[in-house]
There are 2 protein chains.
Amino acid sequence: MGTKKVDTEIRREQIALAALSLVEKQGLQAVTVTRVARLVGLVPSALYRHFKGKDQIIDAVLDLIEEQMITNLAEIDNPADDPVAVLRNLLMRQVQMVLQYQAIPHFLFSEEVFNGRPKRKKKFFNLISTFLNGVASIIRRGQEQGNIRQDRDAKSLATLFIGLFHPAFFLWHLSDGQFDLTRQINLTWESFVDAVVRCDRSEIQTLGWKETHRD
Amino acid sequence: MGTKKVDTEIRREQIALAALSLVEKQGLQAVTVTRVARLVGLVPSALYRHFKGKDQIIDAVLDLIEEQMITNLAEIDNPADDPVAVLRNLLMRQVQMVLQYQAIPHFLFSEEVFNGRPKRKKKFFNLISTFLNGVASIIRRGQEQGNIRQDRDAKSLATLFIGLFHPAFFLWHLSDGQFDLTRQINLTWESFVDAVVRCDRSEIQTLGWKETHRD
DNA sequence: ATCCAATGTGAAACAACATTCACATTATAG
DNA sequence: CTATAATGTGAATGTTGTTTCACATTGGAT
């Protein structure tokens, strides 16, 4: 049948987006060459004009996600703002991003994407590391400004920050949306602030607390 | 070839364990009827004497994991102990468990296990919920005893607790063991204590802090 | 208008799997 | 010892999915 010819660059994007939407609605196993092709309005073999194989389609989807995450981080990290507010903002962005692209937790919690593909796995690990470093540098700025306690390693606080949404996403994912994502995140955020911001802002101004709070 | 006959109950366990070890070493996609059978020393079709199909083999593996998690929780929750110490203990157990059964994060971060299998997904969600409730009840005890601050919801503190190891497991999983799991967990644990235990034990004894620490 | 490269098609190859089934072997109860 | 139920085997079947390839069509450059 006479399907209009479309430039390969556009087709590549269409294909990646189609794959992404399949992941969103039906999970990763739903991504078959046949289904993606049908969604784009092509015949399976046509995809091979634009991608060498299915693997590269998956890679393209990962690239889409990577782009999103990097953008999120970059747009938000304004050195002028209060670092704690920046973190709060970032947290909300992450939630929003996941609600918009439900495919992301599918990928995050999938393993077939990475297994037996060390290169891809490494690339994704690097992405996460970048994100983690970004968060850590925001925290470090907070520590320098005295908004965030200084007796804790910035990087491990960053890991704690990830812990705010990671399990929440997981539970949300597992419960098919039953779990109240926004509410939970708001609650755990408060606890994060408890842990990270100085105990009493009015009393102690510049000092961290060293070991006074522990026995 | 004359393979010795073995009672179905024992075979079932052998098969489940074989599947588990496959998941550990090569991930979920490595679990094929053929491979499991070879590992047990049987022919693929033989498995059907003991399981109705592949799905039930996966279910059996999930049961193994479930058993471990429940046991972990039950063995540790001794009402006589300091709740904070119990949590610390539980955290370490979780780490130990994951180090021993690497299959667990494979399952936790997998989706093909659950997708299109609402029943299994629900069952697993219930397992996690049970775990979460167990943690929450430990926390609640701590709040009653005054070891844990009372101005936070026990359940959301439990979610925060999960956040201590969940992202760490993920990073560890993704980095193929590069990520220093134990170290990270120890660090985030300290922050968790910061967030959850009263600010200064010597000063405030029975009271939680209400809203004094925030603006 | 013609030609050529890019894009699209349909059929077929093929590989990996799960599952079934008729038949073989083993263990054991009687 | 023998009958019988449980367990094991090998071949076959059907399905699903990826990929290849020869051929067709399209659109634009000349």
Side-chain angles (χ1 to χ4, degrees), chain A residues 1-23 25-62 106 110-117 120, chain B residues 1-20 22-23 25-62 110-117 120:
Chain A
M1 292 227 279
T3 304
K4 281 275 183 288
K5 287 196 181 181
V6 176
D7 196 76
T8 198
E9 203 174 326
I10 296 177
R11 276 284 188 243
R12 286 177 62 93
E13 193 181 347
Q14 291 178 341
I15 292 168
L17 285 173
L20 185 69
S21 87
L22 272 174
V23 178
K25 287 180 211 127
Q26 307 173 54
L28 200 68
Q29 346 113 55
V31 181
T32 69
V33 178
T34 307
R35 261 189 281 250
V36 173
R38 183 162 41 222
L39 219 53
V40 179
L42 289 175
V43 107
S45 55
L47 300 200
Y48 291 81
R49 294 276 172 232
H50 311 290
F51 288 97
K52 198 183 166 195
K54 188 189 169 182
D55 271 9
Q56 303 208 359
I57 296 178
I58 302 288
D59 282 334
V61 176
L62 279 173
H106 273 111
S110 156
E111 81 158 3
E112 54 193 319
V113 184
F114 302 113
N115 226 289
R117 279 158 243 257
R120 186 189 287 171
Chain B
M1 291 226 279
T3 304
K4 281 273 184 289
K5 288 195 179 179
V6 175
D7 196 78
T8 198
E9 202 173 325
I10 297 177
R11 276 284 188 245
R12 285 178 62 95
E13 193 181 349
Q14 290 178 341
I15 292 168
L17 285 172
L20 184 68
L22 273 175
V23 178
K25 287 179 211 127
Q26 309 173 51
L28 201 67
Q29 345 115 59
V31 181
T32 69
V33 177
T34 307
R35 261 189 282 249
V36 172
R38 183 161 43 225
L39 218 54
V40 178
L42 288 174
V43 108
S45 55
L47 299 199
Y48 290 83
R49 296 273 173 233
H50 311 290
F51 288 97
K52 198 184 167 192
K54 189 189 170 183
D55 271 9
Q56 303 208 357
I57 296 179
I58 303 286
D59 281 334
V61 177
L62 279 174
S110 153
E111 80 159 3
E112 53 193 320
V113 185
F114 301 114
N115 226 293
R117 277 159 246 251
R120 186 188 286 168

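Predicted, not measured: the structure shown is a model, and the values here were computed from it. The sequence lines fix the lettering, A, B, ..., with proteins before strands; numbering per chain opens at 1.
- D:dT20 atom P lies 15 Å from atom NZ of A:K54, rounded to whole Å.
- Listed nucleotides D:dT18, C:dG8, C:dA18 differ in distance to A:V33; the shortest reach to its side chain belongs to D:dT18.
- Proximity note for B:T8 (side chain, C-beta onward) versus D:dG27, D:dT7, C:dA18: the nearest is D:dT7.
- Straight-line distance from the CG atom of B:L28 to the C1' atom of C:dC17: 14 Å, rounded to whole Å.
- Taking each heavy atom of A:S21 and A:L39 in turn, the nearest pair found is OG-CD2, 3.5 Å.
- B:T32 comes within 4.0 angstrom of sugar-phosphate atoms only, judged by non-hydrogen atoms across all strands, and of no base.
- Taking atom CD1 of residue A:I10 and atom C1' of nucleotide C:dT7, one finds them 13 Å apart after rounding to whole Å.
- Using a 4.0 Å cut-off, some side-chain N or O of A:T3 falls inside it from OP1 or OP2 of C:dT9.
- For the contact set between residues 34-44 of chain B and DNA chain D, defined by any heavy atom under 4.0 Å, the members are B:L42, B:V43.
- Rounded to whole angstrom, the span from the CZ atom of A:R11 across to the C1' atom of C:dA5 amounts to 17 Å.
- When the shell of 6.0 Å around CD of A:Q26 is examined, it contains more than 12 heavy atoms from other residues, nucleotides or ligands.
- Between A:K52 atom NZ and D:dT20 atom C1' the separation is 13 Å, expressed in whole Å.
- Between A:R117 and A:D55, the closest side-chain pair of non-hydrogen atoms falls below 4.5 Å.
- Applying the 3.5 Å distance criterion, the base of D:dG10 shares a donor-acceptor pair with the side chain of B:S45.
- Considering all non-hydrogen atoms of both residues, A:V113 and A:I58 come closest at CG1-CG2, 4.1 Å.
- We find that CZ of A:F51 is positioned 18 Å from C1' of D:dG17, with the value rounded to whole Å.
- Within 6.0 Å of atom CD in A:E13, 12 or fewer heavy atoms from other residues, nucleotides or ligands are found, so the atom counts as exposed in its surroundings.
- Between the side chain of A:K25 and the backbone N or O of A:A30, no donor-acceptor pair lies under 3.5 Å.
- Under 4.0 angstrom from either OP1 or OP2 of D:dT9 there lies no side-chain N or O belonging to B:R49.
- Per the geometry, CG belonging to B:D55 stands 16 Å off P belonging to C:dC17, to the nearest Å.
- One interatomic measurement links the two molecules: NE2 of B:H50 to C1' of D:dA5, which rounds to 14 Å at whole-angstrom precision.
- Rounding to the nearest 0.5 Å places CG of B:L20 at 10.0 Å from CG of B:L62.
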